[in-house]
Amino acid sequence: MVIAGLLAGLLSACGGHGYEGTWKATSDNAMLEKLINQTGGGTLVIGEDYIEANGQRNQVDEIFTRESGGKNYLVFAKEGEEQVFEINDEDNLEIGQMGVTLTYTRAD
């Protein structure tokens, strides 16, 4: 029984991508930063196989990391499409769209 418990603990520790948890957004754009603060939004929850934002959960086929061009990325893949966040370090993810950068910082 003790050995089975230890094996189960070891196997559960091996799963996941290491970025599960709650993340808070900030922006390099002052107007967007103000909007995030006023609405209380900007929270992203990353699970083992989902992303949740604004109360909406989106299942993905796979979440994994990729190295390309000397940078690391967290990739959310679903039905052949990918959404990619640059990994600054284990506690900061970044995504840029339309000239605006959002930085997500681990909140838990």
Side-chain angles (χ1 to χ4, degrees):
M1 292 289 260
V2 172
I3 293 173
L6 288 173
L7 285 175
L10 286 173
L11 289 175
S12 68
C14 294
H17 43 74
Y19 293 91
E20 293 93 345
T22 303
W23 298 77
K24 290 293 221 176
T26 57
S27 177
D28 60 352
N29 179 290
M31 284 182 41
L32 185 55
E33 180 73 21
K34 186 176 179 178
L35 182 63
I36 290 169
N37 291 330
Q38 286 178 340
T39 62
T43 300
L44 179 71
V45 177
I46 301 174
E48 191 171 319
D49 63 352
Y50 69 88
I51 308 168
E52 187 172 299
N54 301 320
Q56 183 178 12
R57 182 176 285 200
N58 294 301
Q59 292 294 131
V60 294
D61 297 327
E62 187 177 11
I63 301 174
F64 59 95
T65 59
R66 171 188 299 148
E67 183 180 347
S68 178
K71 295 182 180 182
N72 292 310
Y73 299 91
L74 184 61
V75 181
F76 300 88
K78 182 175 182 177
E79 299 173 358
E81 295 186 20
E82 295 180 347
Q83 181 175 10
V84 180
F85 286 71
E86 185 176 336
I87 300 169
N88 290 338
D89 58 46
E90 66 183 32
D91 292 322
N92 293 285
L93 305 172
E94 193 171 277
I95 187 167
Q97 294 179 345
M98 298 184 291
V100 177
T101 301
L102 285 177
T103 301
Y104 285 89
T105 302
R106 192 183 299 267
D108 61 4

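FYI, side chains are in, hydrogens and waters are out, and symmetry mates aren't considered; it's all heavy atoms of this structure. Keep in mind the model is a prediction, meaning the values are calculated, not measured.
Under a cut-off of 6.0 angstrom, the local environment of CD in Gln59 is crowded, with over 12 non-hydrogen atoms contributed by other residues, nucleotides or ligands.
A donor-acceptor pair under 3.5 Å is absent between the side-chain atoms of His17 and the main chain of Asp49, judged by distance alone. Listed for the Glu33 side chain is no donor-acceptor partner under 3.5 Å among the backbone atoms of Met31.
Applying the under-4.5 Å side-chain rule to Ile, Leu, Val, Met, Phe, Trp and Tyr, the cluster around Tyr19 extends to Trp23, Leu32, Leu35, Ile36, Leu44, Ile46, Ile51, Val60, Ile63, Leu74, Phe76, Phe85, Ile87, Leu93, Ile95, Val100, Leu102, Tyr104.
A salt bridge (charged side-chain N to carboxylate O under 4.0 Å, His left out) check over residues 96-106, counting only residues at least two apart or in different chains, returns the pairs Asp91-Arg106. Listed by first and then second residue, the salt bridge (charged side-chain N to carboxylate O under 4.0 Å, His left out) pairs that reach into residues 50-63 are Glu52-Arg57, sequence neighbours excluded. Applying the side chain to side chain donor-acceptor pair (under 3.5 Å) test to pairs two or more places apart or on separate chains, those with a residue in residues 63-81 are Arg66-Glu82.
For the side chain to side chain contact (heavy atoms under 4.5 Å, CB included) test, residues two or more places apart in sequence or in another chain that qualify with Thr43 are Thr22, Lys24. Take Asn29 and apply the side-chain hydrogen bond (donor to acceptor under 3.5 Å, both in side chains) test, not counting sequence neighbours, and it matches no residue.
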